[in-house]
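Here is the structure we will look at, set down as structure tokens.
All values below come from the heavy atoms of this structure, side chains included, with hydrogens, waters and symmetry mates left out. Predicted, not measured: the structure shown is a model, and the values here were computed from it. For ligands, and for the atoms within them, numbers begin at 1 and follow the listed sequence. By convention here, the first residue in the shown sequence is residue 1.
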Amino acid sequence: MELTHRPRRLRRTESVRSLVRETVLRADDLILPMFVTEGEQQRQPIESMPGQFRFSVDELVRECSEIYQLGIPAVNLFGYAEEKDDRATKSYDPNGLIQRAVAAIKETVPELCVQTDIALDPYTHHGHDGLVVDGEIVNDETISVLCKMAVSHAEAGVDWVAPSDMMDGRVGAIRVALDDAGFDQVGILAYSAKYASCFYGPFRGALDSAPKKGDKKTYQMDPANAREALREISLDIEEGADVVMVKPALAYLDVIAAARQAFDVPIAAYNVSGEYGMIVAAAERGWADREKAVMETLTAIKRAGADMILTYFAKEAVGYMR
Ligand code: PBG
């Protein structure tokens, strides 16, 4: 048979395939989300996320040194707050857990890009990302707390703050607050298109932060919407976001790709806890090869257009790259 085009020629050997490979995952693309807890010498296994831990600050620093040596450029910290109240006052305590964690990492591994979550849910009884007044998650009052939280992290030495709350206008307000406090070099990684997703379940177990009442649908986005994501992203860019995020990643690859087409700022994608859990569980049952599933997933997120990926598989993936 005479055939002009035989695309299989470019798939014949691994050498040829490597020449034509369009997307290559690197350690440099990865950000490891980490959980911090009070105490010393603590590496508490997280029941809802097998293989992940809550680290006390001393252990966190140890782990961060290792991560940096492996070539992973960044971590994103979440605090397990023991003291919760209705105004999330612990979120901006200058001696709070996250503030101490940031300072400790910066002292030992100053080159590591340290990022922190900016949202109130771990610090409130009700588990919502904003303050609740008469049953409503209030926007503008929440933002003033977020600004204090961001500035307190900047004082501790954070590189990037990552507002994940989906309140309107918080990126602009945080930018002004940081600049006014003299932190014009602290970056903002904005959770711009964050969906009201079922895939955050295991994370809420890790921080004991599930909303006690209701859901997050009045602030996080409807999974059915893509155009709205572009609008959210463009508002965050206008407000001064340095990097914009789509979250979760896997069920939203089309949104990542559309954002890549529409904007020229770096795009992050969050391979969230439920996506982690699906691979871990399937591999445990022998339904998927864990290594292949991890690498295929992360490569796909990058192929869709993400410049950087937050993933609990960061350390493991770097192991597979060697
Ligand atoms: C909270 C926050 C959540 C995640 C990151 N920051 C949970 C939520 O919005 O309820 C989820 C991360 C994950 O599932 O891995 N502001």
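If you number the atoms of ligand 1 from 1 as listed, the ones under 4.0 Å from a heavy atom of D129 come out as 1 (C), 16 (N). Each of the atoms 14 (O) of ligand 1 lies under 4.0 Å from some heavy atom of F199. Listed by number with element, the atoms of ligand 1 under 4.0 angstrom from any heavy atom of K216 are 8 (C), 9 (O), 10 (O). Short contacts between ligand 1 and Y312, defined as distances under 4.0 Å to a heavy atom of the residue, involve ligand atoms 12 (C), 13 (C), 15 (O). Listed by number with element, the atoms of ligand 1 under 4.0 Å from a non-hydrogen atom of A119 are 16 (N). Atoms of ligand 1 found under 4.0 Å from any heavy atom of K247 (numbered from 1 in listed order, with element): 2 (C), 3 (C), 4 (C), 5 (C), 6 (N), 11 (C), 12 (C). Close contacts of ligand 1 with Y270, meaning ligand atoms under 4.0 Å from a residue heavy atom, involve 12 (C), 15 (O).
A salt bridge links K315 with E66: at least one charged nitrogen is closer than 4.0 Å to a carboxylate oxygen. Note on R231 versus E228: no salt bridge recorded, every NZ/NE/NH1/NH2 to OD/OE distance being 4.0 Å or above. Under 4.0 Å is where a charged nitrogen must lie from a carboxylate oxygen, and between R170 and D236 at least one such pair does.
Here the heavy atom of the protein found nearest to atom 1 (C) of ligand 1 is D121 OD2, 2.8 Å. Residue, atom and distance of the protein heavy atom nearest to atom 14 (O) of ligand 1 are S273 OG, 2.7 Å. The shortest contact between atom 2 (C) of ligand 1 and any protein heavy atom is with K194 NZ, 3.3 Å.
Note that the CD1 atom of I233 and the CE atom of M245 stand 11.0 Å from one another [nearest 0.5 Å].
Counting only heavy atoms from C-beta outward, the side chains of F35 and I46 approach each other to under 4.5 Å. A 4.5 Å side-chain heavy-atom check between L298 and Y320 finds every atom pair outside the cut-off. Counting heavy atoms from C-beta outward, E38 and R100 have side chains that approach closer than 4.5 Å.
In this structure, Y276 does not count as a contact residue of ligand 1, since none of its heavy atoms falls inside 4.0 Å of the ligand. Residue contacts with ligand 1 leave out E275, since none of its heavy atoms falls under 4.0 Å from the ligand.
At under 3.5 Å, not a single nitrogen or oxygen of Y191, backbone or side chain, sits near a nitrogen or oxygen of ligand 1.
Here D117 has side-chain heavy atoms under 4.0 Å from ligand 1, and that is the only part of it that gets that close.
Remark: side-chain polar atoms of T299 are not paired, donor with acceptor, to backbone N or O of E296 under 3.5 angstrom. Between the side chain of T116 and the backbone N or O of F78, no donor-acceptor pair lies under 3.5 Å.
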